[in-house]
Amino acid sequence: MATSDSDSSVPAYLVLEDGSVHRGESMGARVDGHGEVVFNTSMTGYQEVLTDPSYAGQLVTLTYPLVGNYGINPQDFESAGIRVAGFIVREHCDQPSHGRSDRTLDEYLRAQGIPGICGVDTRAITRRLRDRGVMMGLLTTGSPEAAAARLAEMPRYEDQDLVRTVTAEDKYGWDGQPVTLETLRIRASGSISRPTLVAGSEDNDGEMPERRILVTDVGLKYNILRLLQARGCEVIAVPAETSAQDMLAMNPSGILLSPGPGDPQLLDYVVGNVRQILGRVPVMGICLGHQLVARALGADTFKLKFGHRGGNHPVQDLATGRVYITAQNHGFAVNPDTLPPGLEVSHINLNDGTVEGTRHRDMPLFTIQYHSEASPGPRDNEYIFDEFLGMVKEFNH
């Protein structure tokens with residue numbers, strides 16, 4: 001359970017706002033980490049979890065007991081760096097075994113300045129969160145008593161606009177090169193650079209591409225861009241504050257509203273722009289994008305007790321009755337009782353009955369609460385991108 005540091009192990013503490021203290025050993029950077037404590041039930045994919053922007057402002061507890069056993073590789077990043085505020089695991093493996101691994105989990109956390117804790121009872125932490133709901137916490141190698149006092153004065157998760165901390169500074173395109181292990185390795189080398197920046201709204205020969213898809217970057221994962229490119233699209237990501245006028249001026253064939261972190265009630269500056277594009281271009285919303293669409297049409301959202309995070313959540317398509325196993329990462333949901341006329345529930349969560357998708361009767365618009373891009377899997381729901389592009393084709397011809 002010790003980290004790979006040659007020094008003797010250093011005690012670390014996870015202090016929760018209910019007063020409980022969970023003692024373990026420090027891993028990663030020896031700095032304090034503050035955030036909302038949540039849990040993820042996936043058995044693999046910790047690298048993707050670390051770099052998922054939807055986890056900004058959160059201390060993530062993994063329920064699977066062994067973490068780090070396949071190391072960190074150059075291909076599986078989902079953003080330009082670690083987005084979690086801290087990492088909580090039961091047992092940390094400091095001797096990974098995998099052909100693609102080029103560093104340990106501990107080394108990666110240290111390089112990115114992110115704290116972690118290992119050797120804690122993650123089952124007890126998870127049960128506490130399920131019973132009492134997610135709560136704020138502080139990871140520290142200092143005094144737990146002092147940490148508890150500081151925690152009470154720190155900002156709460158739902159009071160912070162975390163989208164502004166993860167969105168792109170400028171529009172950028174996933175370049176036209178094939179997505180191979182080598183191109184991904186080049187992108188991830190050094191300071192994990194972003195894909196190629198784009199300056200204009202036309203391709204190199206001045207002609208409009210057959211399908212140009214804009215993706216609003218309110219916290220997107222790179223796999224959304226990969227999957228759209230693999231389907232023959234020109235893909236351009238735009239910052240969260242991009243106006244509806246600027247997006248429409250780029251002549252998109254369709255617009256995808258990405259996942260992202262935080263409470264959608266704080267994002268009126270995005271919601272207003274979403275409202276102006278609906279009905280004018282085909283739109284698909286994923287996770288936070290799903291919530292933004294609902295709010296743009298007048299529906300309400302609410303906070304879940306402990307959220308849905310992991311790769312094993314059952315979702316039913318109400319049109320077909322088919323059940324899909326989905327990857328999810330969200331702490332807020334759409335209130336079905338507030339949906340406006342025309343916007344119908346298309347999918348539900350079979351664990352708690354919450355809304356997992358909507359479809360509009362009159363506009364080219366549908367949304368899903370789960371992650372069709374998965375990464376890590378399951379990959380069962382990548383077909384959603386084909387449905388979106390089918391809607392794009394029908395609308396534009």
Side-chain angles (χ1 to χ4, degrees), residues 163 213-216 218 240 242-245 247-248 252-260 262-304 307-308 313-324 326 328 330-372 381 383-397:
V163 166
I213 304 300
L214 301 191
V215 183
T216 60
V218 292
T242 305
S243 70
Q245 291 78 9
M247 285 189 278
L248 294 173
S253 306
I255 296 177
L256 190 152
L257 307 176
S258 83
D263 187 343
Q265 293 190 56
L266 302 179
L267 303 176
D268 286 348
Y269 63 95
V270 183
V271 169
N273 288 317
V274 171
R275 187 178 297 118
Q276 294 180 57
I277 65 173
L278 296 180
R280 303 178 66 179
V281 64
V283 171
M284 171 183 169
I286 302 177
C287 201
L288 180 58
H290 154 84
Q291 299 163 18
L292 294 174
V293 166
R295 295 193 65 84
L297 292 174
D300 293 331
T301 52
F302 66 97
K303 186 167 185 176
L304 297 165
H308 302 154
H313 292 261
V315 167
Q316 185 175 40
D317 183 332
L318 297 181
T320 65
R322 183 170 179 178
V323 177
Y324 295 88
T326 68
Q328 303 204 11
H330 64 103
F332 296 85
V334 172
N335 183 345
D337 297 331
T338 65
L339 291 181
L343 188 64
E344 302 175 332
V345 176
S346 60
H347 297 73
I348 61 169
N349 188 300
L350 293 183
N351 286 333
D352 60 12
T354 52
V355 177
E356 290 285 356
T358 64
R359 188 174 294 271
H360 204 279
R361 288 198 302 263
D362 304 315
M363 291 190 286
L365 165 67
F366 71 85
T367 69
I368 55 172
Q369 179 64 81
Y370 52 95
H371 286 258
S372 51
N381 301 286
Y383 75 92
I384 292 290
F385 289 97
D386 298 318
E387 287 196 359
F388 173 51
L389 295 178
M391 183 173 68
V392 167
K393 181 177 181 180
E394 182 178 354
F395 182 84
N396 288 285
H397 287 83

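In this text the structure is predicted, and so the values were computed from the model without any measurement.
- Using a 4.5 Å heavy-atom cutoff, the side chains of Leu288 and Val163 are in contact.
- If you take CG on Leu214 and OG1 on Thr242, they are separated by 9.0 Å, rounding to the nearest 0.5 Å.
- Here the rule is side-chain contact (heavy atoms from CB on, under 4.5 Å) with Leu297, and of Leu343, Leu339, Thr358 only Leu343 fits it.
- Residues satisfying the ring pair (Phe, Tyr, Trp, His ring centres under 6.0 Å) criterion with His308, sequence neighbours excluded, are His313, His330.
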Evaluation steps, side chain to side chain contact (heavy atoms under 4.5 Å, CB included), between Thr326 and Asn349: CA-CA 10 Å; Thr326 68; Asn349 188 300; over 6 Å; no
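- Residues Val315 and Gln328 meet the side-chain proximity criterion, which asks for heavy atoms closer than 4.5 Å.
- Here the side chains of Pro264 and Val271 are not in contact, with every heavy-atom distance at 4.5 Å or above.
- Residues Leu248 and Gln276 fail the side-chain proximity criterion, which asks for heavy atoms closer than 4.5 Å.
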With side chain to side chain contact (heavy atoms under 4.5 Å, CB included) as the criterion, how do His347 and Asp317 come out once you've worked through the C-alpha distance, each side chain's angles and the decisive distance to 0.1 Å? CA-CA 5 Å; His347 297 73; Asp317 183 332; 3.6 Å; yes
Working note: Tyr370 + Ile384, criterion side chain to side chain contact (heavy atoms under 4.5 Å, CB included); need CA distance, chi angles, decisive distance, verdict. CA-CA 11 Å; Tyr370 52 95; Ile384 292 290; 3.9 Å; yes
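- A donor-acceptor pair under 3.5 Å is absent between the side-chain atoms of Thr216 and the main chain of Ala240, judged by distance alone.
- Within the 4.5 Å cutoff, the side chain of Gln291 has heavy atoms near those of the Val334 side chain.
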Would you please test Arg295 and Thr301 for side chain to side chain contact (heavy atoms under 4.5 Å, CB included) and show each step? CA-CA 7 Å; Arg295 295 193 65 84; Thr301 52; 3.0 Å; yes
